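Notes follow the structure.
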Amino acid sequence: MRALYEKTIAFILQHIDEHQLREGEQLPTEVALAQQTGVSLVTVRRALAELAAQGIVRREQGRGTFVARPRVRAETTRIGSLRNGLHLDARSRLETRVLKCLAREAAE
């Protein structure tokens, strides 16, 4: 059986997905989450702390909890695609942009 804070984490992740919350958008207050899940504020705070440690949410004292910018974790020694090597999740966008293009003479 999963601990209450783990169920609360699952609820918060489901809330983010169902409401299609994007980076920077605010989650419900801790009190609202406690009421919606039927758990204590301590449990909600533990769940949010775990999600913050994982880089999924960002907590700001006095302001609230927000969907965090996805972190990029790189493992440069792995063989495979760039997406797999960077450990990007399904929310992350991977794009290629040409920043600069110069013509120059070939070296001898």
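Treat the numbers as computed from the prediction; the structure is a model and nothing was measured. Heavy-atom basis, side chains included; hydrogens, waters and symmetry copies ignored.
- Hydrophobic cluster membership for F66: none, as no Ile, Leu, Val, Met, Phe, Trp or Tyr side chain comes under 4.5 Å of it.
- A distance of 6.0 Å separates CD1 of I16 from CG of L21, quoted to the nearest 0.5 Å.
- The two atoms that bring G55 and A68 nearest to each other are O-CB, 3.4 Å, heavy atoms only.
- When the shell of 6.0 Å around CD of Q20 is examined, it contains 12 or fewer heavy atoms from other residues, nucleotides or ligands.
- Judged as a side chain to side chain donor-acceptor pair (under 3.5 Å), and not counting sequence neighbours, the contacts of S40 are T43.
- By the 6.0 Å contact criterion, CZ on R46 is open, its count of non-hydrogen atoms from other residues, nucleotides or ligands being 12 or less.
- A single hydrophobic cluster is not seen to contain both L33 and L41; linkage of ILVMFWY side chains at heavy-atom distances under 4.5 Å, directly or through other members, places them apart.
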With side chain to side chain contact (heavy atoms under 4.5 Å, CB included) as the test, would you mind laying out the steps for Y5 and V39 before giving the verdict?
CA-CA 8 Å; Y5 86 95; V39 299; over 6 Å; no

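- Pairs passing the salt bridge (charged side-chain N to carboxylate O under 4.0 Å, His left out) check and including a residue from residues 23-41, sequence neighbours excluded, read E30-R45, E30-R59.
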Candidate pair L51 and I9, rule side chain to side chain contact (heavy atoms under 4.5 Å, CB included), full reasoning = CA-CA 7 Å; L51 289 170; I9 288 172; 3.7 Å; yes

Inset, instruction - Report the C-alpha distance between L27 and V67 in whole Å, list the side-chain angles of each, state the deciding distance to 0.1 Å, and finish with yes or no for side chain to side chain contact (heavy atoms under 4.5 Å, CB included). - result: CA-CA 7 Å; L27 273 69; V67 176; 3.7 Å; yes

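- Looking at residues two or more places apart in sequence or on another chain, you find a side chain to side chain donor-acceptor pair (under 3.5 Å) between E50 and Q54.
- The hydrophobic side chain of L102 is isolated, with no ILVMFWY side chain under 4.5 Å apart from it.
- For R63, the salt bridge (Lys or Arg N to Asp or Glu O under 4.0 Å) test picks out E60, with sequence neighbours left out.
- A pairwise comparison of heavy atoms in R58 and G24 identifies NH1-CA, 4.5 Å as the closest pair.
- At a threshold of 4.5 Å between side-chain heavy atoms, the hydrophobic network of Ile, Leu, Val, Met, Phe, Trp and Tyr places V42 and L4 in two separate groups.
- In terms of modelled atom types and a separation under 3.5 Å, the side chain of H19 and the main chain of H15 share a donor-acceptor contact.
- When each of V57, T29, V44, I12 is checked for a side-chain contact (heavy atoms from CB on, under 4.5 Å) with T65, only V57 meets the rule.
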